[in-house]
Amino acid sequence: MERKSPEDNSAHNHGHEEQGFDSRPQPFRAIIIEPVLQHRMGGPDGHLRSNRSPEARLEEAVGLSAAINLDIVSSSVVKISNPKPATLFGEGKVEEFAGIVAAEELDLVVIDHPLTPIQQRNLERRLATKVIDRTGLILEIFGDRARTKEGKLQVDLAHLTWQKSRLVRSWTHLERQRGGAGFMGGPGETQIESDRRQIEDRIIILKKQLAGVRRTRDLHRKKRKKIPQPVVALVGYTNAGKSTMFNRMTKADVFAEDLLFATLDPTLRKIKLPHGREVILSDTVGFISDLPTHLVAAFRATLEEVLEADLILHVRDISQEDTDAQNEDVKRTLDDLGVRPQTGAPVVEVWNKIDCLDADHREKLLSEASDEGPISLSALTGEGIDQLYKRIDAFIAQHDDIFTVRLPVTDGALIAQLYQIAEVLERQDVEDWIEAEVRVTDKQRGPFRTAFAAYLEH
């Protein structure tokens, strides 16, 4: 996220001056505050992320802020023994923050905690600068990352749903939308969001547009179901390395950086396993703790790719101190989506980034590899990736049936259908017939028997 620099509108840049174009924008200057609420007895509260240390939560907030290129002047953990309904923080802390904002000429204060509309409004007035909470920050990143029509629609829907809750009685209008479309300007400045009714109307329109996108995605899924390739979905906490793994396995060039939410829109590619079997690999948006319910709902169309998968690879950053807590967050989100051990696709844990571990720890994980447990690897270096291929291959093969069929060589349509719904392992042309050994997946078994029952060799 960047701001204009007054110096850049000087005479030597007069070519852009009349248009108001800034050729050398400066990043927004911001501070990050990690509130830690305390029980009256002195222990941590039941915060959704209380399974993490405050320092780890602050580090993640800094990472989120870096994802939209903020110039982070400082960051700190602030303990709150008695949360104030009006400002969250006590009077002394508010005064302290106001002094920092004025001295450092800050453009933004990020509070890594949910703020009520009243708290956000009061803090902005007292600090004399923009204030966003964790949800607003995530929306900013989503708005920055969305590239496809679907992604942008989902960001707009999530943003407006959140914005609707920001309408408090004392606000006669919204000076500017917060989150998603840009907290310092951009498309979010339209006045149609200035009251609840107009926001509701816009939400209805977006939902209709998303329904159309969802129907198109459903058609694509139905087409994929007519071909024999199973779908393998990558899921995991944001920045676990899913896109790096996706690029290594598919030889694609999906955006993959050491950033939270580097990937927002789903990407699918066909890959070939070592034994020649083809599968479709799907990369999806990363999960994160405290992801608001309406955000999950807005991105459900994207996350439904996970629901349609035959196998789910849960990619974990095993080098993170909070890897166990991140694991619980992902499991909770999958459960919210309906992916459960009893009903959803099987989930295989992939312990990524072993290249970031010390040599002894890395060797220990690799030596403990088994056919059932987690797979340890480095998507960056490729170490251990062969074990992942073998596991996928073994999983797909266990659900396959092998058949031998004998088809008339003159029936081109039937032969073409065979190649569409089965994998031809071996073929021999014998006079007026072809004999083929084929592998049929579990989900293609019914259509295969319907079409080829009369041609099966026993």
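FYI, the numbering just counts along the sequence from 1.
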Check: Considering residues at least two apart in sequence or located in another chain, which fulfil the side chain to side chain contact (heavy atoms under 4.5 Å, CB included) criterion with D358?
Finding: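 Applying side chain to side chain contact (heavy atoms under 4.5 Å, CB included) to D358 gives D360, H361.
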
Next item on the list: For S319, check side chain to side chain contact (heavy atoms under 4.5 Å, CB included) against everything at least two apart and list the hits.
Entry: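 Testing S319 for side chain to side chain contact (heavy atoms under 4.5 Å, CB included), a comparison that skips the adjacent residues, returns D317, K353, C356, L357.
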
Item checked: Interatomic spacing from OG in S282 to CG in D310 - rounded to 0.5 Å ->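 One finds 11.5 Å between OG of S282 and CG of D310.
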
Next item on the list: Would you give the length of the straight line joining atom CD1 of I318 to atom OG1 of T323, rounded to the nearest 0.5 angstrom?
Entry: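 It comes to 4.0 Å.
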
Should the pair [X]-[Y] be classified as a salt bridge under the 4.0 Å nitrogen-to-oxygen rule?
X	Y	answer
R29	D107	no
E349	R316	yes
D393	K390	no
E368	K364	yes
R439	D401	no

Next item on the list: Indicate yes or no: at least one non-hydrogen side-chain atom of T404 is less than 4.5 angstrom from one of L456.
Entry: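 SC-SC contact between T404 and L456 ruled out.
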
Next item on the list: Answer yes or no: is there a side-chain heavy-atom contact under 4.5 Å between W351 and L365?
Entry: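 They are in contact (side-chain heavy atoms under 4.5 Å apart), so the answer is yes.
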
Check: Which residues pass the salt bridge (Lys or Arg N to Asp or Glu O under 4.0 Å) test with R362, sequence neighbours left out?
Finding: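 In terms of salt bridge (Lys or Arg N to Asp or Glu O under 4.0 Å), with neighbours along the sequence ignored, R362 is linked to E383.
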
Item checked: Whether Y455 and F452 hold their rings parallel, tilted or perpendicular, with breakpoints at 30° and 60° ->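 Taking F452 first and then Y455, their aromatic rings stand perpendicular (interplane angle over 60°).
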
Item checked: Passing option when R134 is tested against E60, E34, H113 for side-chain hydrogen bond (donor to acceptor under 3.5 Å, both in side chains) ->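 Single side-chain hydrogen bond (donor to acceptor under 3.5 Å, both in side chains) partner of R134 among E60, E34, H113: E60.
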
Note to self: Taking side-chain contact (heavy atoms from CB on, under 4.5 Å) as the criterion, tell me which of L58, V77, V78 meets it with V36.
What the structure shows: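 When L58, V77, V78 are each tested with V36, the side-chain contact (heavy atoms from CB on, under 4.5 Å) holds only for V77.
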
Check: With respect to V110, which candidate in L70, V62, L64 satisfies the side-chain contact (heavy atoms from CB on, under 4.5 Å) definition?
Finding: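 Only one of L70, V62, L64 forms a side-chain contact (heavy atoms from CB on, under 4.5 Å) with V110, namely L70.
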
